[in-house]
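Step one of this worksheet: look at the structure below.
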2 protein chains.
Amino acid sequence: MFELDVRSRKPIYEQLVEKLKQLIINDVLKEDEKLPSVRELAQQLTINPNTIQKAYRELESQGYIYSLKGKGSFVHPSGKVDNEEELKKVREELKKLFAEAIYLGMTSEEIAALLREVEGGHQDD
Amino acid sequence: MFELDVRSRKPIYEQLVEKLKQLIINDVLKEDEKLPSVRELAQQLTINPNTIQKAYRELESQGYIYSLKGKGSFVHPSGKVDNEEELKKVREELKKLFAEAIYLGMTSEEIAALLREVEGGHQDD
DNA sequence: CTACTGTACTAGAAGTAATAATACAGTTAA
DNA sequence: TTAACTGTATTATTACTTCTAGTACAGTAG
C-alpha cells in the first residue's frame with residue numbers, strides 16, 4: 001500500500017496518518033471504501049497492530065474515517081466531513097506557511113499558482 | 001519574550017524554533033538584531049541552556065539566524081536568505097495543505113483571501 | 001461455532017527530549 | 001592580562017514517548 005521510514009524522527013503512527021490522509025484526499029481511497037483491518041495492515045507493514053490502531057483512532061478523530069466494531073474502518077464521505085476544529089487548524093497553518101513562504105522569497109503569484117495547480121488536480125465526481 | 005507549553009507533546013525546542021521563526025518573519029526581531037544569549041534565555045524561560053542551543057542550531061541550519069562564537073546569535077538578513085532546501089519543503093507543505101483545505105470544504109477564493117490577508121500585513125522597508 | 005472485525009489494557013524495550021554539570025574557545029572591556 | 005560575557009561540545013542521568021508484545025473482550029458475518 002505504501003512505505004514507511006522506521007528510522008525517521010517522525011513517529012510511525014504520524015507517518016501513517018499523513019499517508020492515509022493523502023490517499024483519502026486524492027481519492028485513491030474512495031468514499032465508504034473499507035481500509036485494511038488493523039491486523040492485516042500491521043502484517044503488511046511489519047509493524048505492531050497497536051500502532052495502526054493509534055493512527056486509525058487519530059484519523060477518526062480528525063473526521064477522515066469511521067470505524068465500526070466487528071466490521072472495519074471506512075473512508076468518511078468527503079461531503080459530510082464537517083470538522084470545524086480541523087478547519088481552524090488548517091487556516092492557522094496556512095497563515096503561518098504563507099508568511100514563511102513570503103519570507104523565503106516566494107511571491108504571492110507563485111503561491112497562487114501552486115494553489116491553482118492543486119485545485120486543477122481536484123475533480124468532484 | 002514568550003511562553004512555552006512544557007506539557008505539550010511537541011518538544012520544547014521545536015516550540016522555540018516555531019516561536020522565534022514567527023518573531024523573525026513578522027519583523028518583531030529585526031535584521032542583525034541580537035537574540036538573547038543561550039544562558040540568558042534559558043534563565044528567562046526556566047529551561048536548560050542545552051535546549052535553547054538545540055533550537056538555535058536548528059534555526060541556524062534553516063537560515064533564520066547566524067551565530068558568532070563569543071559574540072552571540074543574530075537574525076539573518078531576510079533578503080539574503082537563500083535556502084532552496086527550506087523553500088522546497090515549504091512548497092511541498094503548501095501543496096499538501098491546499099489539498100487538505102479543499103477537502104475540508106474551503107474554496108480557492110477563501111484560501112486566496114487568506115493569502116492576501118497575510119501579504120497585506122507584510123511590509124518591506 | 002468460527003473467524004473475522006475494532007477496541008482496550010498492561011508490561012517492557014527502545015529511542016528521544018530534557019536536565020545537570022563541566023569544559024573549551026572566542027570576544028569585549030576594564 | 002583578567003574578568004565576564006558569548007557560542008559550542010561532551011558526558012551522564014532522568015523523564016517521557018513511541019513501539020512492541022501479549023492478552024482479552026465485544027460486535028459482525030458466514
Side-chain angles (χ1 to χ4, degrees), chain A residues 1-21 24 29 32-77, chain B residues 1-21 24 29-77:
Chain A
M1 198 170 206
F2 43 67
E3 286 156 23
L4 297 173
D5 180 6
V6 288
R7 285 175 216 101
S8 166
R9 315 91 194 107
K10 176 165 288 186
I12 295 175
Y13 78 94
E14 279 187 25
Q15 293 181 50
L16 260 171
V17 168
E18 263 193 34
K19 302 253 183 186
L20 287 169
K21 217 189 264 191
I24 293 173
L29 294 172
D32 294 314
E33 180 173 341
K34 189 174 175 306
L35 297 172
S37 78
V38 166
R39 293 171 180 81
E40 187 187 342
L41 189 52
Q43 197 170 11
Q44 278 183 30
L45 303 176
T46 35
I47 59 181
N48 195 281
N50 293 332
T51 306
I52 307 285
Q53 200 214 337
K54 191 168 182 180
Y56 278 15
R57 194 191 309 142
E58 177 66 18
L59 283 167
E60 184 164 26
S61 86
Q62 288 186 25
Y64 285 88
I65 69 173
Y66 60 94
S67 297
L68 301 176
K69 206 183 286 186
K71 304 193 77 171
S73 297
F74 307 85
V75 176
H76 195 113
Chain B
M1 198 169 204
F2 43 66
E3 286 158 22
L4 296 174
D5 180 7
V6 288
R7 284 176 217 99
S8 167
R9 314 91 195 108
K10 176 165 291 187
I12 296 176
Y13 80 94
E14 278 187 25
Q15 293 182 50
L16 261 170
V17 168
E18 264 193 32
K19 301 253 183 186
L20 287 169
K21 217 188 264 192
I24 293 173
L29 294 171
K30 315 287 186 185
E31 294 191 1
D32 293 314
E33 181 173 339
K34 189 173 176 306
L35 297 172
S37 79
V38 166
R39 292 170 181 83
E40 186 187 342
L41 189 52
Q43 197 170 13
Q44 277 182 30
L45 303 176
T46 34
I47 59 180
N48 195 281
N50 293 334
T51 306
I52 307 287
Q53 200 214 337
K54 190 167 182 181
Y56 278 14
R57 193 191 309 142
E58 177 66 17
L59 283 168
E60 184 164 25
S61 87
Q62 288 188 24
Y64 285 89
I65 70 174
Y66 60 94
S67 298
L68 302 176
K69 205 186 286 184
K71 303 194 76 170
S73 297
F74 307 85
V75 176
H76 194 112

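Chain identifiers are assigned alphabetically (A, B, ...) following the order of the sequence lines, protein sequences preceding nucleic acid strands; residue numbering begins at 1 within each chain.
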With a 4.5 Å cut-off on side-chain heavy atoms, are A:Y64 and A:L20 touching?
no
If you take all heavy atoms of A:Y66 and A:D32, which pair is closest and at what distance?
OH-OD1, 2.6 Å
Phosphate OP1/OP2 of D:dC19: any A:Y13 side-chain N/O under 4.0 Å
no
When rounded to whole Å, the CD1 to P distance for the pair B:I52 and D:dA9 reads 16 Å
Using the salt bridge (Lys or Arg N to Asp or Glu O under 4.0 Å) criterion, which residues pair with A:K54? Sequence neighbours excluded.
none
Are any of the side-chain nitrogens in B:K19 or B:E3 under 4.0 Å away from the carboxylate oxygens of its partner?
no
Looking at B:E58, is its backbone amide N or carbonyl O close enough to the side chain of B:S61 to form a donor-acceptor pair, meaning the two atoms are under 3.5 Å apart?
yes
Which heavy atom of B:V38 sits nearest a heavy atom of B:I52, and at what distance?
O-CG1, 3.9 Å
Is A:K71 near enough to D:dA29 that one of its side-chain N or O atoms lies under 4.0 angstrom from OP1 or OP2?
yes
Closest non-hydrogen contact found for A:T51 with A:L16 is O-CD1, 4.4 Å
Please figure out whether A:V38 or A:R9 has its closest DNA chain C nucleotide nearer the 5' end.
A:V38
DNA chain D: B:K34 or A:V6, which has the more 5' nearest nucleotide?
B:K34
Separation between CZ of B:R57 and CG of B:N50, rounded to the nearest 0.5 Å
8.5 Å
Those residues of residues 58-66 of chain A lying under 4.0 Å from DNA chain D by at least one heavy atom
none
When rounded to the nearest 0.5 angstrom, what distance separates CG in B:L41 from CD in B:Q53?
12.5 Å
Using modelled atom types and a 3.5 Å cut-off, is there a donor and acceptor pairing between side-chain atoms of B:Q15 and backbone atoms of B:K10?
yes
Would you say A:E60's side chain and A:S67's backbone share a donor-acceptor pair under 3.5 angstrom?
yes
Could you tell me whether the phosphate oxygens of D:dC19, OP1 or OP2, come under 4.0 Å of any side-chain nitrogen or oxygen in A:K54?
no
Anything under 4.0 Å to a heavy atom of chain A counts; send over the first and last such nucleotide of DNA chain C, read 5' to 3'.
C:dT5 to C:dC9
What are the atom names and distances for every N/O pair under 3.5 Å that joins the protein to nucleotides 2-4 of chain D?
none

To the nearest Å, how far apart are A:L45 CG and D:dT20 C1'?
15 Å
Taken in chain and number order and not counting sequence neighbours, the residues that satisfy salt bridge (Lys or Arg N to Asp or Glu O under 4.0 Å) with B:K30 are B:D27
Expressed as a whole number of angstroms, how long is the span from B:F74:CZ to D:dC5:C1'?
12 Å
Between D:dA29 (P) and A:K69 (NZ): distance, integer Å:
14 Å
Does A:E40, at its CD atom, have more than 12 non-hydrogen atoms belonging to other residues, nucleotides or ligands within less than 6.0 Å?
yes
Give me the distances for all protein-to-nucleotides 22-24 of chain D N/O pairs that come in under 3.5 Å?
unit_1: D:dG22; atom_1: O6; unit_2: A:N50; atom_2: ND2; d: 3.3
unit_1: D:dA24; atom_1: N6; unit_2: A:R39; atom_2: NH2; d: 3.3

Closest approach of B:I65 and B:L35, non-hydrogen atoms and distance?
CG2-CD1, 3.6 Å
To the nearest Å, give me how far apart CG (A:L4) and P (D:dT20) are.
10 Å
Taking only side-chain nitrogens and oxygens of A:T51, does any of them come within less than 4.0 Å of OP1 or OP2 of D:dT20?
yes
Rounded to whole angstrom units, what separation is found between the CD1 atom of B:I12 and the C1' atom of D:dC16?
11 Å
Using atom CD of B:Q53 as one end and atom P of D:dT8 as the other, report the distance to the nearest whole Å.
6 Å
Quick one: on DNA chain D, does A:E14 or A:G70 contact a more 5' nucleotide (nearest heavy atom)?
A:E14
